[in-house]
Amino acid sequence: MSDEIIIIDNLHKYFGSIEAVKAVNLQVKRGEVVVIVGPSGSGKSTVLRCINHLEVPTSGAVYIDGVHLEDKQTDINKVRAEVGMVFQQFNLFPHLTVLENVTIAQRKVRKRSKEEAEQIGMEQLRHVGIPEKASAYPRQLSGGQQQRVAIARALAMQPKIMLFDEPTSALDPEMIKEVLDVMLQLAEEGMTMVVVTHEMGFARAAARRVVFMDNGQVVEIDTPQVLFDRPQHGRTKLFLSKILKH
Amino acid sequence: MTGPEIQATPDSSWQNSWREFPWWLVAIFVFLALMGILIIRNPAYNDAFKFIFPGIQVTLYTTITAFAIALVLGLLAGLGRISRNTAVRNIAITYIEFIRGVPTLVLIFTVAFVLVPPISGALGVDNRVVSPNTRAIIALAVIYGAFLAEIFRAGIESISKGQMEAARSLGMTYTQSMRYIILPQAIRNISPALGNDFIAMLKDSSLVSVLAVRDITQLARLHAGSTFRFRESYLVLTFLYLAMTIILSLLLRWYEQRIGKDRG
């Protein structure tokens with residue numbers, strides 16, 4: 001078993017004639033937290049969505065725990081059960097209660113009994129700090145609460161990897177912290193995480209490595225200290241100067 | 001300078017409720033009530049009613065059975081319509097467009113006399129023993145299946161892509177995601193449209209009288225033909241359809257308001 005749980009090898013993705021991702025290589029170790037930053041349209045979300053095959057690469061390969069996702073023989077559903085994902089727009093299931101949201105996949109995919117799924121679901125709701133909302137519907141929750149439920153929903157599958165696609169971008173400012181706190185806690189517990197975000201504070205606090213992407217390419221990968229304080233590339237400096245000014 | 005008082009005059013709410021009052025509904029209920037009185041008091045109307053009314057069982061049975069089958073056909077064709085499989089998608093589109101391009105009355109003949117014989121042959125059933133009523137149900141189901149397919153398709157497409165992505169990202173298969181996540185939301189959204197089509201089908205069931213199915217329309221025609229009481233026969237028939245459809249559409253409005261409030 002290799003130490004690299006995610007291997008992205010020479011990934012290219014075209015949308016029509018536009019090349020959104022150009023020759024991206026990235027390896028993530030078990031327990032590592034990698035944050036991807038970059039201007040919008042730089043291809044960072046597309047790279048993230050290739051890690052659980054929500055986007056199919058035009059060429060190149062993604063390996064999760066040694067399993068080649070683009071291989072026709074691969075059961076992608078089996079891989080996805082091990083890779084949790086949190087979306088910018090939460091994407092909770094509005095017709096289901098919070099508890100049903102965190103148990104449905106456990107029951108249908110992991111084939112757990114109702115009791116077991118609810119026990120694990122409640123554990124994860126306590127983990128993200130809102131067990132009292134178990135019987136509420138998503139629309140009755142604030143944005144921050146919804147996103148924490150979405151994290152609990154992914155965690156209830158007991159995944160090996162968690163992907164976060166701009167998890168705080170759709171939140172009101174006062175709700176960002178409660179979500180980042182949950183993510184920080186998760187990072188401290190040793191979860192393997194790949195996070196696309198604009199929250200540089202989170203990147204500094206949690207990331208072992210930060211990836212800077214621009215125009216579909218990986219420009220620079222380094223520790224947050226080096227990348228934020230002594231960036232090597234002009235494009236990284238320009239990006240950081242734009243966002244850190246205020 | 002103060003402008004003319006358009007809003008918030010003391011009696012505006014009274015005026016408003018006067019204007020918003022469903023007078024049309026009163027008119028329809030007056031018609032239904034007058035017909036009721038005629039049927040009770042007038043022997044000619046009473047005879048027509050007694051002759052026609054038993055057909056309501058056939059009308060309702062035909063409509064409900066055909067609609068149930070149409071729901072299944074519509075769901076399958078609607079899912080086929082958005083399938084990524086080229087063959088499946090084109091078969092579904094062919095079915096839908098074929099049905100939509102031919103008048104309902106013509107389709108009833110075509111299904112009953114052209115489509116049913118080879119199907120019953122394939123199933124090893126003698127074509128002659130297939131009753132007109134069964135033919136009528138199959139015809140209505142096949143026709144409405146195509147209409148419902150478009151409603152199902154629209155309902156599924158009205159659910160945001162993020163729902164399918166979230167379900168798939170948890171490891172659920174396409175079928176599981178459809179069944180547990182997309183369809184429950186889609187069906188809730190389209191339930192008023194499905195209700196409208198049920199009412200439309202109840203009315204279109206009158207067309208199956210051309211197959212000599214003894215529904216209320218056929219019985220009204222028979223009664224008119226044998227007694228020459230055309231006015232009584234067709235007024236009673238009109239009364240029966242209107243009574244059924246107005247009750248159903250009022251129920252539907254009430255249900256729509258209820259789910260509207262639920263969402264709010």
Side-chain angles (χ1 to χ4, degrees), chain A residues 45 48-49 51-56 64 75-96 100-112 117 137-140 146-147 149-165 170, chain B residues 71 74-75 78-79 82-89 148 151-195 252 255-264:
Chain A
S45 284
L48 192 76
R49 289 160 60 84
I51 298 176
N52 68 352
H53 211 61
L54 279 184
E55 289 306 342
V56 181
I64 301 296
D75 180 356
I76 192 63
N77 298 315
K78 237 174 136 180
V79 177
R80 282 173 175 156
E82 309 296 335
V83 183
M85 186 161 199
V86 175
F87 299 85
Q88 183 178 353
Q89 299 295 339
F90 328 139
N91 295 344
L92 290 181
F93 307 132
H95 63 302
L96 301 178
E100 287 166 343
N101 264 277
V102 296
T103 55
I104 180 120
Q106 293 189 65
R107 298 187 59 197
K108 303 303 172 192
V109 180
R110 293 274 194 231
K111 310 289 181 199
R112 288 176 186 152
Y137 281 89
R139 63 170 179 276
Q140 297 166 318
Q146 287 193 47
Q147 193 60 300
V149 172
I151 294 172
R153 176 176 70 177
L155 289 175
M157 293 294 285
Q158 291 159 330
K160 297 176 186 159
I161 300 167
M162 284 287 284
L163 308 177
F164 292 85
D165 189 3
Chain B
L71 282 174
L75 177 58
L79 287 169
I82 54 172
S83 169
R84 278 203 218 153
N85 183 310
T86 312
V88 170
R89 192 176 61 249
L148 297 188
I151 297 179
F152 276 110
R153 180 187 60 81
I156 291 165
E157 286 179 347
S158 74
I159 307 301
S160 87
K161 264 183 75 182
Q163 291 289 305
M164 181 55 97
E165 288 184 349
R168 298 304 304 274
S169 79
L170 291 162
M172 293 167 92
T173 63
Y174 177 83
T175 313
Q176 286 175 329
S177 309
M178 265 294 165
R179 176 162 166 212
Y180 299 111
I181 306 303
I182 307 299
L183 283 178
Q185 298 181 59
I187 287 170
R188 195 184 151 96
N189 285 354
I190 62 174
S191 52
L194 292 177
L252 198 60
Y255 172 75
E256 266 178 70
Q257 275 174 0
R258 218 194 58 172
I259 64 169
K261 264 183 207 146
D262 259 22
R263 273 191 203 130

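First the proteins, then the strands, lettered A, B, ... as listed; each starts at 1.
In this structure, A/Arg139 forms a cation-pi arrangement with A/Tyr137, its terminal cationic atom sitting closer than 6.0 Å to the ring centre and no more than 45° off the ring axis.
With sequence neighbours excluded, the residues forming a side-chain contact (heavy atoms from CB on, under 4.5 Å) with B/Thr173 are A/Asn77, B/Thr175, B/Gln176, listed by chain and number. Under the side-chain contact (heavy atoms from CB on, under 4.5 Å) criterion, B/Leu75 pairs with B/Leu79, B/Phe152, B/Leu183, sequence neighbours left out.
From B/Tyr174, atom OH reaches atom CE of B/Met164 across 5.0 Å, with rounding to the nearest 0.5 Å.
The salt bridge (charged side-chain N to carboxylate O under 4.0 Å, His left out) contacts involving residues 162-182 of chain B comprise A/Arg49-B/Glu165, where partners must be two or more places apart or lie in separate chains.
Using a 4.5 Å cut-off between heavy atoms, A/Leu96 touches chain B through its side chain atoms alone.
Contact residues of residues 79-89 of chain A toward chain B are A/Arg80, A/Ala81, A/Val83, A/Met85, A/Phe87 (heavy-atom distance under 4.5 Å).
Inter-residue side-chain proximity for B/Leu170 and A/Val109 is flagged as unmet; no heavy-atom pair is nearer than 4.5 Å.
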